[in-house]
Amino acid sequence: MCGIVAYIGKKQAYPILIKGLRRLEYRGYDSAGVALLNGELNVFKRKGKVKELENFVEGKNLDATVGIGHTRWATHGKPDDINAHPHSSGNGRISLIHNGIIENYAVLKTLLEKEGHTFVSETDTEVLVHLIEEYQNRENLPIEEAVRMALKKVVGAYAIVVMDKQDPDKLVAARKASPLVIGIGEDDFFIGSDATPIIEYTNKVVYLNDEEIAVITKDGDLQIKTIGNVEHTPFVEHVEMEIEMLEKGGYDYFMLKEIYQQPATIADCMRGRLNAEEGWVFLGGVEEHSNRIINADRIIIAACGTSWHAGLIAEYLIEDLARIPVEVEYASELRYRNPIITEKDIVIALSQSGETADTMAALELSKEKGALTYGIVNVVGSSIARFTDAGSYIHAGPEIGVASTKAFTGQVTLLTMLALSLAHKRGTISKSYFQQLVNEMENIPAKVEKLLKVNPQIEFIAGEIKDATNALYLGRGYNFPIALEGALKLKEISYIHAEGYPAAEMKHGPIALIDENMPVIVIATNKSAYEKIVSNIQEVKARKGMVIAIVTEGDKVIGKIADYTIEIPDTDEPLTPLLSVIPLQLLSYHIAVMRECNVDQPRNLAKSVTVE
Ligand code: F6R
């Protein structure tokens, strides 16, 4: 949700900024812009992708060793050149980039207009840069003090970087509820919304905390103070990230690369946490809270989108295996509905990015109410990872395709290990069943590898249904959340309307939609309700629907009824989601490619949703 990059040092800033923007483009691609400081303050910005900006600046003077850059996901004001960042003060002295939302911008704007400020854009961000200018003018303050005073008046979320033409050897950065990372180079500094634009130059980083302001100078000085004017010592950390993780590595799209990485990412998630030979599961990040979790009244899972679907699978897993009641909540609903949460509850936040604003707010509320908060997150050092009482990383590596794939299977892998560990400790499953499931977990990466070989068959089926305008996904039990996830994947990247339903619910409404133009994707691997799901398929066929069934290898029945079947390797029912989701990821990928959609950057979306 908007990407921020900045540089100060001895190198040319523009190439660093533009490369950084390309890496951050997954956070928003409505417009892109840079401001470069070299005696003059030159701002270049363009509606559209970073490529448009690159074309626009061709032949222009880009010489500068200090600069800021931004890629936008529009909130206030349509995506156009004027609303693009950076935004400048009325006197043209200050330039600012911002990720977040200034909630009280309307009030501030009215006050500033009374003071004679005029605004050119429709953005909340422009109000902030004028407010800084106002403080600077009124009290002749240095830029960092003017920023501090302005931020005291601001309600909302922000990560900002500010440049002042009259103080050209300095960048000022600040954050509240939106991420910001400072990279420390040999004799220079880099700033990013995350580490991806920085990692090429340094792995030494400082994660800024909420309400901290960093002042960075060309001569190598980094100072951090709070908005309340208290000095903080920068805490330098090392990021483990290889540059290859940020490249497509020969694949056409990041999404395809990430689908194919899953045998490895699932194995990485289990490494050191599960051992079949010795028969144990151990999640280090929660061990010290183990007693509290196994004796909890209830586990509440808060998440959004695909992560919410992983949460639904956890509800089946934890209730089935560990017999602890679980509620799965949309974080955006949980935070505003006056929920009953007590210190006997455990609140698990699931988030790939670790930055989702609603999930973060749900956690804050839960902590206030005394619950133990537990974050299951992919991005190392992210806000949720740092906020929660306990945590586990899923170790999927950077996920760049906007549609989540490997992070989903990482979350489900982690949650399966959690359910197994709780079940073992609570004695709610037999030792032999525990051992059977642990053994089978170790087989999952190889089974995913094998499953990926059905790709050509899925590509063929994609060709058969690519022109559909609607699709229905049906699943029962552990496969119901997979039906929801399959439908979400299809709609977000191919713009085909799709719905996921519990298979048995179909006859309570959606069956009215079925005709020969409606592909119905049925996940039919369940052993426990096999006959029921076969009946559901018959009901669809009786109404001329086209059925694509995901079945267990060797299934002899469904192939005779369905139009197409895709086989997945046999596994224990609680582990099925880790396999059954893979063909659905591939199906939506191929359909989107055939429809010439931008698979990695679907319209209107952004990877990390840091606003409400
Ligand atoms: C869908 C997708 C989104 C995210 C959602 C939550 O493919 O990626 O639905 O799952 O925005 O994001 P995180 O997991 O970062 O909190």
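Just so we're clear, the structure is a prediction, and the values are computed from it rather than from any experiment.
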S.K.: Is any side-chain N of the basic residue among Asp345 and Arg298 closer than 4.0 Å to the acidic one's carboxylate O?
M.R.: yes
S.K.: Taking the six-membered ring for Trp, are Phe282 and Trp280 parallel (under 30°), tilted (30 to 60°) or perpendicular (over 60°)?
M.R.: perpendicular
S.K.: Decide whether Asn598 and Tyr29 meet the rule of one side-chain donor and one side-chain acceptor closer than 3.5 Å.
M.R.: no
S.K.: For Lys532, check side chain to side chain donor-acceptor pair (under 3.5 Å) against everything at least two apart and list the hits.
M.R.: none
S.K.: Using 30° and 60° as the class boundaries, would you call the ring planes of Tyr564 and Phe460 parallel, tilted or perpendicular?
M.R.: perpendicular
S.K.: With Glu52, which residues qualify under salt bridge (charged side-chain N to carboxylate O under 4.0 Å, His left out), at least two apart?
M.R.: none
S.K.: Is the count of non-hydrogen atoms from other residues, nucleotides or ligands lying under 6.0 Å from Glu240 atom CD greater than 12?
M.R.: no
S.K.: Decide whether Asn439 and Gln436 meet the rule of one side-chain donor and one side-chain acceptor closer than 3.5 Å.
M.R.: no
S.K.: Check Arg23 with Glu247, please: is the shortest side-chain N to carboxylate O separation under 4.0 Å?
M.R.: yes
S.K.: Can you tell me how far apart CD (Gln585) and CD1 (Ile458) are? Round to the nearest 0.5 Å.
M.R.: 10.0 Å
S.K.: Under a plain distance cut-off of 3.5 Å, with no hydrogens placed, do Ser404 and Glu399 share a side-chain donor-acceptor pair?
M.R.: yes
S.K.: Flag the pair Lys450 and Glu553 as a salt bridge only when some basic side-chain nitrogen lies within less than 4.0 angstrom of an acidic carboxylate oxygen.
M.R.: yes
S.K.: How long is the span from the CZ atom in Phe408 to the CG atom in Asn378, to the nearest 0.5 Å?
M.R.: 14.0 Å
S.K.: Apply side-chain contact (heavy atoms from CB on, under 4.5 Å) to Ile301 and Glu315, showing your working.
M.R.: CA-CA 8 Å; Ile301 298 180; Glu315 179 176 19; 5.7 Å; no
S.K.: In this structure, are over 12 heavy atoms from other groups packed under 6.0 Å from Glu277 atom CD?
M.R.: no
S.K.: Any salt bridge (charged side-chain N to carboxylate O under 4.0 Å, His left out) pairs touching residues 586-602, not counting sequence neighbours?
M.R.: none
S.K.: Going by side chain to side chain donor-acceptor pair (under 3.5 Å), name the residues that satisfy it together with Asp563, two or more places apart in sequence or in a different chain.
M.R.: Lys541
S.K.: Going by atom types only, do Asn479 and Thr576 share a side-chain donor-acceptor pair under 3.5 Å?
M.R.: no
S.K.: Given Glu25 and Lys51, is the salt bridge (Lys or Arg N to Asp or Glu O under 4.0 Å) satisfied, shown in steps?
M.R.: CA-CA 10 Å; Glu25 204 167 19; Lys51 191 80 202 118; over 6 Å; no
S.K.: Please tell me whether Glu355 and Ser382 have a donor and an acceptor in their side chains that are separated by less than 3.5 angstrom.
M.R.: no
S.K.: Is it true that, when you exclude Ile340 itself, more than 12 heavy atoms of the residues, nucleotides or ligands shown sit nearer than 6.0 Å to its CD1?
M.R.: no
S.K.: Enumerate the residue pairs fulfilling ring-ring contact (aromatic ring centres under 6.0 Å, His included) with a member in residues 491-532, sequence neighbours excluded, ordered by first and then second residue.
M.R.: none
S.K.: Tyr374 and Ser392: side-chain donor and acceptor closer than 3.5 Å?
M.R.: yes
S.K.: Out of curiosity, Met441 CE to Ile266 CD1, how far, rounded to the nearest 0.5 Å?
M.R.: 8.0 Å
S.K.: Heavy-atom count around Lys527 NZ within 6.0 Å, excluding the residue itself: above 12?
M.R.: yes
S.K.: Tell me, which pairs form a side-chain hydrogen bond (donor to acceptor under 3.5 Å, both in side chains) where one or both residues lie in residues 483-492, sequence neighbours left out?
M.R.: Thr306-Glu485, Thr306-Lys489, His309-Glu485, Glu485-Lys489, Lys489-Glu492
S.K.: Please state whether the rings of Phe434 and His424 are parallel, tilted or perpendicular, taking 30° and 60° as the class boundaries.
M.R.: parallel
